[in-house]
Amino acid sequence: MIRINQVTLPVDHTEKELKQKLRKLLRLNKNEHFTYTINKRSIDARKKPDLFYHYTVDCVVPDEKQTVRKMDKSKCKAAEDVPYRFPQSGTRPSKHRPVIIGTGPAGLFCGLMLARHGYRPILLERGMDVDARRQDVDRFWQTGVLNPNSNVQFGEGGAGTFSDGKLNTLVKDKDGRNRQVLRMFVEAGADPSILYDNKPHIGTDVLISIVKHMREEIRMLGGEVRFCAEVTGILQDGGCVSGVLVNEKEKLPCNIVVLAIGHSARNTFQMLYDSKIPMEQKEFAAGFRVEHKQAVINQAQYGREDPSPLGAAPYKVTAQTENGRGVYSFCMCPGGYVVNASSEKGRLAVNGMSYSGRSGENANSAIIVSVRKSDFGSDHPLAGIAFQRELEKRAFDAGNGKIPVQRLGDLRDSFHSGKMSESDHETTLQPSMKGQYYFTDLTGILPGEMTESFLEAMAQFGHVIKGFDADDVLVSAVESRTSSPVRIPRDETMQSALRGLYPCGEGAGYAGGITSAAMDGIRVAEAIASEFAKPEE
């Protein structure tokens, strides 16, 4: 196989033009046959509005050595596709099938990998299946009536199901897990372009069907997926897991438990603390979600308001403020919606969501500020959760139970003057939101130093993206569920101090998005399979 780098073409090129370019680079005549696979594709907007794709392409030719000799060595090299390999089964016997708590990306991918290799896992999900969950979420957005166990945070697919479905990650991939995650998504129905796009995404509408496909494959392979099955206790015997308590009454014997609970399972964290499971504080970030006209972002990023054929433009911004706090964009949703992502009554959190087409009027992103352990006000392992809850209570109260919204210009004025601006209800930009919203003053929701950092960073971002800090930019609160404020330590075998308990994914503090959580789920599945033999039928 020959890997060719720096293949550049206009974004509106045809497949025929790509093949012609490759043939020219390979120095093949028109009768010589070759096949190709796109390995990577990224957008080059340095000469906007003239936009280009940069490709890395893997080609197979009849005489590879001779072809490589003829080619420009700066653009090509011989390459080998190293496939992902799951470890051979261990020899330690297991009396029971593995139990996985949670069906977010970490739990689903861990379960699917174990199911594919004969371990017949049992997945326990406190929420509903994804179809029933979607109905509960839609009902909440329309009426404000919350189901605490079936919402944007809880239910089949996890919190990532109601997001943009972004699959890019900064996790290094020397073992091929990232590529394996993307392949598994494609096998479940995702567009094959996620295998090579630099910033792959799926979209909420497509993710829902993918989650169902994965669940059915687990069941077909002998696994179980149980809904409305909240784990309310971890049973222990001599420093080892001996079972789990489900819904406070059913004792399910097991010696392998994967803890893939997600970052919002606060009552489960409390149960684990009460069960003497070692836990520690983890720093995270919190802030506001901001909305711009997508056309403004398109113009800034691509030099044109209509980005065809690229689709809505994304962005990424970072800043360091004078008080030492970092501020950055998180979960940016092109052509998306701000959503009420609450999971507790009397508290309100927001998130962002896009459908696969990314065709909404507005772009939105969380602009979040680093939260230090010193902000928690306590050294208790769960103090970060208490900090989040306080922010969410303030947001709920500020919006009278609805998403609280304010124009950026008015937020600036009210923060610096201590008095809410009279023009607060006037805006040329209409909110694109899932859930009811309410215009109000946001200044008391974040601690003052964090709000100061947010406003300072927004001004910096305005120098990078024209219009980013305009007065009519919409700001909503509160983005508090960026990552887990708790870490559950694990050793090199991926286990907690309680043997047989495998902390996994975002909730355990080892991931920060769909792909990294799925990769961690695969890594835990590998650890289990390396040690334990397949359970007997």
Side-chain angles (χ1 to χ4, degrees), residues 152 163-164 284-293 296-297 315-319 321 323 325-333 336-342 347-353 362-371 375 387-399 402-416 420-421 424 427 429-462 465 467-483:
V152 171
S163 71
D164 185 62
F284 64 106
F288 299 119
R289 202 151 264 273
V290 300
E291 288 185 81
H292 302 82
K293 277 285 187 185
V296 170
I297 303 302
Y315 62 79
K316 181 178 180 179
V317 287
T318 63
T321 59
N323 59 30
R325 292 186 188 260
V327 184
Y328 56 97
S329 57
F330 173 80
C331 187
M332 192 271 151
C333 297
Y337 301 85
V338 175
V339 306
N340 189 330
S342 305
R347 296 184 174 90
L348 191 145
V350 293
N351 196 3
M353 182 186 84
N362 292 354
N364 74 76
S365 177
I367 300 297
I368 52 177
V369 184
S370 60
V371 177
D375 295 321
F387 180 85
Q388 286 178 324
R389 280 176 159 159
E390 176 59 28
L391 300 186
E392 292 170 16
K393 182 181 184 301
R394 295 176 189 175
F396 184 91
D397 292 344
K402 301 175 182 178
I403 299 173
V405 188
Q406 190 172 27
R407 293 171 68 252
L408 178 60
D410 295 328
L411 175 59
R412 273 193 294 255
D413 291 345
S414 57
F415 180 75
H416 293 301
M420 185 171 174
S421 170
D424 194 82
T427 178
L429 178 64
Q430 293 303 309
S432 290
M433 293 187 171
K434 297 290 185 178
Q436 301 168 327
Y437 59 87
Y438 179 76
F439 277 90
T440 186
D441 187 8
L442 305 184
T443 54
I445 295 176
L446 293 179
E449 186 176 296
M450 291 179 64
T451 303
E452 182 181 38
S453 293
F454 168 82
L455 292 172
E456 181 185 338
M458 288 295 290
Q460 291 186 40
F461 300 153
I465 298 176
F468 200 90
D469 61 339
D471 285 347
D472 66 346
V473 169
L474 295 177
V475 183
S476 54
V478 59
E479 182 85 23
S480 54
R481 309 284 183 94
T482 55
S483 67

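- Listed by chain and residue number, nothing satisfies the ring-ring contact (aromatic ring centres under 6.0 Å, His included) test with Tyr437 (two or more places apart in sequence, or in another chain).
- Contact check for Met433 versus Val405: side-chain heavy atoms found under the 4.5 Å cut-off.
- Considering Asp413, Leu429, Leu455 in turn, Leu455 is the only one that fulfils the side chain to side chain contact (heavy atoms under 4.5 Å, CB included) rule with Leu408.
- With sequence neighbours left out, Arg347 forms a side-chain hydrogen bond (donor to acceptor under 3.5 Å, both in side chains) with no residue at all.
- The side-chain hydrogen bond (donor to acceptor under 3.5 Å, both in side chains) check on Ser432 picks up Asn362, with sequence neighbours excluded.
- Minimum interatomic distance between Cys331 and Gly352 (heavy atoms only, all atoms of both residues): SG-O, 4.2 Å.
- Ser329 places a side-chain N or O within 3.5 Å of a backbone atom of Val317 that can act as its donor or acceptor partner.
- Partners of Gln460 according to the side-chain hydrogen bond (donor to acceptor under 3.5 Å, both in side chains) rule, which considers only residues two or more places apart in sequence or in another chain, do not exist here.
- Here Phe461 pairs with Phe468 under the ring-ring contact (aromatic ring centres under 6.0 Å, His included) rule; sequence neighbours left out.
- Between the OH atom of Tyr315 and the NE2 atom of His292 there is a distance of 5.5 Å, given to the nearest 0.5 Å.
- Of all non-hydrogen atoms in Arg407 and Leu474, the two that sit nearest each other are CG-CD2, 4.5 Å.
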Report task. Show the numbers, then the answer: is there a side-chain contact (heavy atoms from CB on, under 4.5 Å) between Phe387 and Phe284? Result -> CA-CA 11 Å; Phe387 180 85; Phe284 64 106; 3.9 Å; yes

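- The CZ atom of Phe439 lies 10.0 Å from the OG atom of Ser476; values are rounded to the nearest 0.5 Å.
- Summarising the geometry of Asp441 relative to Ser414, their closest heavy-atom pair is OD1-OG, 3.2 Å, with the distance given to 0.1 Å.
- The salt bridge (charged side-chain N to carboxylate O under 4.0 Å, His left out) test applied to Lys316 returns no partner, not counting sequence neighbours.
- For Phe396, the side chain to side chain contact (heavy atoms under 4.5 Å, CB included) partners are Leu348, not counting sequence neighbours.
- Heavy-atom minimum distance, Ala286 versus Leu391: CB-CD1, 4.0 Å.
- Side-chain contact check for Ser342 versus Glu392: every heavy-atom pair is 4.5 Å or farther apart.
- In this structure, Phe288 CZ and Thr451 OG1 are separated by 4.5 Å, a value rounded to the nearest 0.5 Å.
- A search for side-chain hydrogen bond (donor to acceptor under 3.5 Å, both in side chains) contacts involving Ser453 returns Thr321, Asn323, not counting sequence neighbours.
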Report task. Could you please spell out the steps behind the side-chain contact (heavy atoms from CB on, under 4.5 Å) verdict for Val290 and Met458? Result -> CA-CA 10 Å; Val290 300; Met458 288 295 290; 4.1 Å; yes

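- Between the side chain of Gln388 and the main chain of Ser480, a donor-acceptor pair closer than 3.5 Å is present.
- Residues satisfying the salt bridge (charged side-chain N to carboxylate O under 4.0 Å, His left out) test with Lys402, not counting sequence neighbours, are none.
- Under the rule for a side chain to side chain contact (heavy atoms under 4.5 Å, CB included), the partners of Ala366 that lie at least two apart in sequence or sit in another chain are Arg289, Phe330, Ile368, Glu479.
- Taking CG from Leu446 and CZ from Phe415, the interatomic distance works out to 9.5 Å, rounded to the nearest 0.5 Å.
- The side-chain heavy atoms of Asp375 and Pro447, taken from C-beta on, include no pair separated by under 4.5 Å.
- At a threshold of 4.5 Å between non-hydrogen side-chain atoms, the residues Arg394 and Val478 do not count as touching.
- Listed here is the closest heavy atom pair of Ala457 and Ala319: CB-CB, 4.0 Å.
- Pairing each heavy atom of Asn340 with each of Ile403, the nearest pair is N-CD1, 3.7 Å.
- Atom-to-atom distance recorded for Asp472:CG and Asp410:CG is 10.5 Å, nearest 0.5 angstrom.
- Residues satisfying the side chain to side chain contact (heavy atoms under 4.5 Å, CB included) test with Ser370, not counting sequence neighbours, are Arg325.
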